[in-house]
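Atom set for the values below is all heavy atoms of this structure, side chains included, hydrogens, waters and symmetry mates excluded.
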Amino acid sequence: MQVDKFLEIIGAEFYTGVPDSQLKALCDYLMYTYGINPRHHIIAANEGNCTALAAGYHLATGKVPVVYMQNSGEGNIINPAASLLNDKVYAIPMVFIIGWRGEPGTYDEPQHIYQGEVTVRLLEDMGIAACIVGKETSCDEISTAMESFRSALAAGKDVAFVIRKNALTYDGSMNYTNNHTMTREDIIRYIAKVSGEDPIISTTGKASRELFEIRTANRQNHKYDFLTVGSMGHSSSIALGVAINKPGQTIWCVDGDGAVLMHMGSLAVLGSVKPGNLIHVVINNGAHETVGGMPTVAGGIDLVAITKACGYPYAVRVDSFEDLERELHAAKQRGELSFIEVKCSIGARNDLGRPTTTALENKRNFMEYLNML
C-alpha cells in the first residue's frame with residue numbers, strides 16, 4: 001500500500017515517533033513532506049517521549065495525533081499508555097503505527113523474536129485495539145478499520161496499526177548525509193586497536209555489527225565484546241554495571257547518539273558514580289542510521305557540555321583520526337571516567353554482515369572472559 005494513501009485515510013495533522021526500518025516508507029514520506037516541523041512532525045528521543053508529546057498536542061488542539069515506532073518501543077509506552085492516555089485516567093486518544101519486527105513465522109534477529117511474539121498481546125493488554133496491515137491489505141480495509149476506530153478514539157481510547165514487513169511503500173527516496181568525513185567502522189577499528197584486550201560493551205545496530213566484523217578480520221576472539229543487539233539506549237548502563245564490579249579493569253562503551261538520547265538520564269547516573277575505569281565513546285553522526293538515516297537532535301546539541309554537567313570529570317569532542325587516537329590512548333591512561341564524542345559521517349558498507357554467534361554464545365563467552373580478569 002502506498003504510504004500517502006494510508007495516511008490520507010488516517011487523516012492526522014501531527015506525527016511524532018522514533019524511526020524504524022520496517023516503517024522506512026512512512027519515515028521517508030514524513031521527512032519529504034514535512035521535514036522536522038514542530039507543527040506537523042517531530043522525531044522524539046524515545047517512544048514514551050513521543051507519546052507524551054502527542055498527548056500535549058491533543059490537549060492543545062483536541063485533535064488525534066499519530067505516534068510511530070518499532071515494536072521494540074512498546075515497552076517505553078506502557079507507562080504513559082496506562083497512566084496518562086488510558087480512558088480511566090485522562091482519556092487521551094491517539095493512533096499508534098507500529099513496525100512488526102520478529103513477527104511469528106518470519107525470520108528476524110534474536111532481539112526481535114520474543115518482542116514479535118508479544119507485540120499484539122501487549123496492545124490487547126493495554127486495551128489498544130489493533131489492525132494488522134500486510135502487503136495485501138487494501139485501502140478499503142484500512143478505511144473500514146478507521147471507521148471502527150473512530151468511536152474508540154471519540155471515547156478517549158487508543159488504537160494501533162501493526163505494520164508487517166514491506167506493507168507500506170513510497171516511490172520517493174531520501175538521502176541523509178552530513179559534513180563529517182570519518183566513518184563509524186574506521187572509528188571502531190581505532191577503538192579496537194587501542195583497547196587491546198579490554199572488554200567492550202557496544203550499542204545496538206551497525207556499531208556492534210561492525211565491531212564483530214573487525215574482530216573477525218583481525219582474527220581476534222569475540223570474547224572481548226558484549227554486543228548489545230537490542231535494548232537501545234542501555235549499553236552505557238550495562239558498561240557501568242560491569243565497570244563497578246571489575247574495578248581493576250578498563251571497560252569501554254561504544255555508544256551512538258540516538259542511543260544516548262533515548263535514555264539520557266543514564267549520563268547523570270554515570271557522572272554520579274564516576275567509575276574511574278570506564279571510557280564512554282559516543283559516535284555521533286546525528287542520525288538513526290541503522291533504521292534508515294533519519295536525523296536525531298544530537299547533531300545540534302553539545303554532548304560534551306551535557307556530560308560535564310552530569311559529573312563526568314573529563315569530556316572531549318574529536319573530528320579527526322589524529323585527535324581520536326590521541327584521546328583514546330590518553331583515556332586509557334587517565335584512570336578516571338572519560339567521555340569522547342566522535343563526529344562521524346552517515347553510511348556503512350552495503351555488504352555489512354551480522355554476528356555469526358548467537359546472543360547466548362556472546363553472553364557466555366563474554367562472562368567467561370570477565371571471570372578471568
So, does [X] use its side chain to make a donor-acceptor pair with the main chain of [Y] at under 3.5 Å?
{"X": "Thr183", "Y": "Asp186", "result": "yes"}
{"X": "Asn218", "Y": "Gln220", "result": "no"}
{"X": "Ser195", "Y": "Ala192", "result": "yes"}
{"X": "Lys274", "Y": "Pro313", "result": "no"}
{"X": "Ser338", "Y": "Glu336", "result": "yes"}
{"X": "Thr307", "Y": "Val304", "result": "yes"}
{"X": "Ser21", "Y": "Val291", "result": "no"}
{"X": "Thr16", "Y": "Ile43", "result": "no"}
{"X": "Glu289", "Y": "Gly347", "result": "yes"}
{"X": "Arg209", "Y": "Gly353", "result": "yes"}

Between [atom1] of [X] and [atom2] of [Y], what distance do you get to the nearest 0.5 Å?
{"X": "Asn37", "Y": "Met31", "atom1": "CG", "atom2": "CE", "result": "10.5 Å"}
{"X": "Ile142", "Y": "Ile9", "atom1": "CD1", "atom2": "CD1", "result": "6.5 Å"}
{"X": "Met264", "Y": "Ile301", "atom1": "CE", "atom2": "CD1", "result": "4.5 Å"}
{"X": "Asn46", "Y": "Leu261", "atom1": "CG", "atom2": "CG", "result": "9.5 Å"}
{"X": "Asn86", "Y": "Lys157", "atom1": "CG", "atom2": "NZ", "result": "7.0 Å"}
{"X": "Leu7", "Y": "Tyr15", "atom1": "CG", "atom2": "OH", "result": "4.0 Å"}

Test Asn284 against every option in Val342, Val260, Asp257, Asp319 by the side chain to side chain contact (heavy atoms under 4.5 Å, CB included) rule and name the one that passes.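 Of Val342, Val260, Asp257, Asp319, side chain to side chain contact (heavy atoms under 4.5 Å, CB included) with Asn284 is met by Asp257 alone.
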Would you please test Arg189 and Glu185 for salt bridge (Lys or Arg N to Asp or Glu O under 4.0 Å) and show each step? CA-CA 6 Å; Arg189 190 171 285 111; Glu185 187 166 7; 3.6 Å; yes
Quick one: does [X]'s side chain get under 4.5 Å of [Y]'s, heavy atoms only?
{"X": "Ile97", "Y": "Phe6", "answer": "yes"}
{"X": "Glu325", "Y": "His329", "answer": "yes"}
{"X": "Ile188", "Y": "Ile283", "answer": "yes"}
{"X": "Thr216", "Y": "His222", "answer": "yes"}
{"X": "Gln249", "Y": "Val242", "answer": "no"}
{"X": "Tyr68", "Y": "Asp20", "answer": "no"}
{"X": "His263", "Y": "Asn76", "answer": "yes"}
{"X": "Leu270", "Y": "Ser236", "answer": "yes"}

Please name the pair of heavy atoms, one in [X] and one in [Y], separated by the smallest distance, quoted to 0.1 Å.
{"X": "Tyr176", "Y": "Pro295", "result": "CE2-CD, 4.2 Å"}
{"X": "Leu370", "Y": "Lys246", "result": "O-NZ, 2.8 Å"}
{"X": "Asn178", "Y": "Ser345", "result": "OD1-CA, 3.4 Å"}
{"X": "Ala287", "Y": "Ile346", "result": "CB-CD1, 3.7 Å"}
{"X": "Lys206", "Y": "Ala348", "result": "CD-CB, 3.8 Å"}
{"X": "Thr296", "Y": "Gly258", "result": "CG2-CA, 4.1 Å"}

Derivation of the side-chain contact (heavy atoms from CB on, under 4.5 Å) call for Thr228 and Thr203: CA-CA 5 Å; Thr228 315; Thr203 189; 5.6 Å; no
Given the rule in the ring pair (Phe, Tyr, Trp, His ring centres under 6.0 Å) test, do Phe226 and Tyr369 qualify, once you have shown the distances and angles that lead to the verdict? CA-CA 11 Å; Phe226 182 80; Tyr369 181 62; over 10 Å; no
Count the heavy atoms of every other residue, nucleotide or ligand shown that sit under 6.0 Å from [atom1] of [X], and state whether that count exceeds 12.
{"X": "Asn371", "atom1": "CG", "value": "yes"}
{"X": "Lys135", "atom1": "NZ", "value": "no"}
{"X": "Asp351", "atom1": "CG", "value": "yes"}

SB check [X] [Y] (cutoff 4.0 Å):
{"X": "Arg150", "Y": "Glu147", "value": "yes"}
{"X": "Glu368", "Y": "Arg364", "value": "no"}
{"X": "Asp108", "Y": "Lys165", "value": "no"}

Between the side chains of [X] and [Y], does any donor sit under 3.5 Å from an acceptor?
{"X": "Asp255", "Y": "His280", "value": "yes"}
{"X": "Asn71", "Y": "Gln115", "value": "no"}
{"X": "Gln70", "Y": "Ser72", "value": "yes"}
{"X": "Tyr314", "Y": "Glu327", "value": "yes"}

For residues 49-58, run the donor-acceptor check on the side chains, cut-off 3.5 Å, and write out each pair with its distance to 0.1 Å, sequence neighbours left out.
residue: Asn49; atom: OD1; partner: Ala45; partner atom: N; Å: 2.8
residue: Thr51; atom: OG1; partner: Glu47; partner atom: O; Å: 2.8
residue: His58; atom: ND1; partner: Lys63; partner atom: O; Å: 2.9

Going hydrophobic residue to hydrophobic residue with side-chain gaps under 4.5 angstrom, can you get from [X] over to [Y]?
{"X": "Val18", "Y": "Leu30", "value": "no"}
{"X": "Phe96", "Y": "Ile92", "value": "yes"}
{"X": "Leu337", "Y": "Val318", "value": "no"}
{"X": "Phe14", "Y": "Val64", "value": "no"}
{"X": "Leu211", "Y": "Ile201", "value": "no"}

Arg215 charged N/C atom sitting above Tyr224 aromatic ring, 6.0 Å / 45°: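 Judged by the rule, Arg215 and Tyr224 form no cation-pi pair.
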Take Phe366 and Leu227, measure what side-chain contact (heavy atoms from CB on, under 4.5 Å) needs, and give me the verdict at the end. CA-CA 9 Å; Phe366 185 73; Leu227 311 176; over 6 Å; no
Passes side-chain contact (heavy atoms from CB on, under 4.5 Å), Trp252 versus Leu328? Steps please. CA-CA 10 Å; Trp252 298 72; Leu328 292 174; 3.6 Å; yes
Start with the C-alpha gap between Phe149 and Val95, add the side-chain angles, then the distance that decides, and say whether side-chain contact (heavy atoms from CB on, under 4.5 Å) holds. CA-CA 9 Å; Phe149 284 165; Val95 176; over 6 Å; no
